[in-house]
Amino acid sequence: SSKTAYIRYQNRYSDFCKLLDLKPFSKKSMELWVSDMAAKGTKHASILSHISAVKHYCLVHDMSIEFATPRLKLILRGIKNSEPRGSYKCRIVSHRELRRMVRLSTKCLGGRAGIRFNAIISLAFFGLLRLGEYCVTRQKHHLLRRNLVLHSDKIELTFETYKHSSSPVKVTLKKYKGIACPIKCMRKYLKVYQQQPKMPLFEVSPSEFRRDFNDIRSFAHISDDITPHALRRGGATWYSDNGWSDAKIRAHGRWASDV
């Protein structure tokens, strides 16, 4: 799980600082740690995950550290440029594939299940949701019915807690044209599924959603190298292609990393 991986990465950073007698959570220690990981052959994407783990620790313990230093950015850019082109491919669900999945879901899963699936994937794509935010997990970061307010032209989501913070955050989703519009999909869903305010917005487990996701992916003849997380990545890519800045996408998706 992400929690277990983060603890492992945080311990690696702590061990590195102790080994070299470095002051932990300092610019110098972070830059040396990243350089050391690169020298050992750690991939750029994995290094970013290690940095996010340390940043998460700082956020939880109310500690201050500058992660986006010019030197660190330069080191990371050099690591990324040194990797062979195509050595790390981050598969996404495109907007076109999203529409295809929405169109075919009821044929594949049936009426009620298809309506729920469409609501989830449209919200995950345009809301940049993590799996644990729409599926019920032990971490309890999933959205509740009271966290969603549906208007005629927008959806307002309130995240009471999420992966990197326990402070509430509000996100707004606008109305878009087409069959995959989150407002259209959510309106259909709420007509069929009527939960109490304190109930999960979607009463579905990660394993159940992955099963439905894989069934529809196969039914729609979409590449089998995508996972539900590709919805979040696909939404971020779609926003970028439509003129959103990196800072706006990070805020919308509640990403901790700024490097």
Side-chain angles (χ1 to χ4, degrees), residues 1-92 128-133 135 137-142 159 161-167 169 206 225-230 232-233 236-237 240 245-247 249-259:
S1 66
S2 295
K3 183 177 181 180
T4 303
Y6 268 28
I7 292 173
R8 186 168 66 251
Y9 298 161
Q10 291 159 7
N11 288 338
R12 288 177 183 173
Y13 174 66
S14 178
D15 291 343
F16 178 81
C17 291
K18 290 178 182 178
L19 181 64
L20 298 184
D21 195 24
L22 295 170
K23 179 182 178 182
F25 310 110
S26 64
K27 295 179 182 179
K28 181 179 180 181
S29 65
M30 285 298 299
E31 291 168 358
L32 288 174
W33 186 46
V34 169
S35 299
D36 181 71
M37 285 190 286
K40 292 177 179 177
T42 307
K43 298 294 185 182
H44 178 263
S46 180
I47 291 175
L48 290 182
S49 296
H50 281 70
I51 294 173
S52 293
V54 176
K55 185 167 186 177
H56 179 255
Y57 182 91
C58 293
L59 289 172
V60 170
H61 293 84
D62 197 25
M63 301 171 66
S64 177
I65 178 174
E66 178 58 57
F67 287 85
T69 64
R71 182 177 177 82
L72 186 56
K73 286 184 176 180
L74 188 63
I75 294 171
L76 288 168
R77 189 178 301 117
I79 295 169
K80 186 175 182 180
N81 292 340
S82 68
E83 293 180 357
R85 186 176 296 275
S87 61
Y88 177 75
K89 293 184 179 179
C90 194
R91 182 72 166 87
I92 67 169
L128 308 184
L129 304 188
R130 301 177 176 90
L131 183 70
E133 292 171 342
C135 291
T137 65
R138 287 180 296 177
Q139 282 74 28
K140 296 184 178 180
H141 293 317
H142 54 268
F159 296 87
T161 64
Y162 59 98
K163 183 177 179 180
H164 299 295
S165 176
S166 58
S167 301
V169 170
D225 60 349
I226 63 169
T227 65
H229 194 66
R232 175 172 162 87
R233 295 195 296 257
T237 301
S240 178
S245 67
D246 289 348
I249 293 173
R250 281 199 301 271
H252 192 71
R254 305 159 313 284
W255 268 286
S257 177
D258 55 1
V259 294

Salt bridge (Lys or Arg N to Asp or Glu O under 4.0 Å) partners for [X], two or more places apart:
X	value
Asp246	none
Lys18	none
Arg71	Glu31

Kindly compute the distance separating [atom1] ([X]) from [atom2] ([Y]), expressed to the nearest 0.5 Å.
X	Y	atom1	atom2	answer
Lys55	Met63	NZ	CE	14.0 Å
Ile75	Thr69	CD1	OG1	7.0 Å
Leu48	Thr42	CG	OG1	11.5 Å
Ile226	Arg233	CD1	CZ	9.5 Å
Cys135	His142	SG	NE2	10.5 Å

Has [X] got a side-chain atom pairing as donor or acceptor with [Y]'s backbone, closer than 3.5 angstrom?
X	Y	answer
Ser29	Ser26	yes
Arg232	Leu131	no
Tyr13	Ile51	no
Asp36	Leu32	no

Which residues pass the side chain to side chain contact (heavy atoms under 4.5 Å, CB included) test with [X], not counting sequence neighbours?
X	answer
Ser240	Ile249
Ser82	none
Arg12	Arg8, Tyr9, Trp33, His50

*asked:* Within the structure provided, determine whether Leu129 and Arg254 are in side-chain contact (heavy-atom separation under 4.5 Å).
replied: yes
*Should Arg77 and Leu74 count as side-chain neighbours, where that means a heavy-atom distance under 4.5 Å?*
yes
Do you know which two heavy atoms are closest between [X] and [Y], and how far apart they sit?
X	Y	result
Lys28	Leu22	CE-CD2, 4.5 Å
Ala53	Gln10	O-NE2, 2.9 Å
Pro206	Thr137	CG-CG2, 3.6 Å
His44	Leu76	CD2-O, 3.4 Å
Arg91	Ala230	O-CB, 3.6 Å

*For residues Tyr57 and Tyr6, establish whether the separation of their ring centroids is below 6.0 Å.*
no
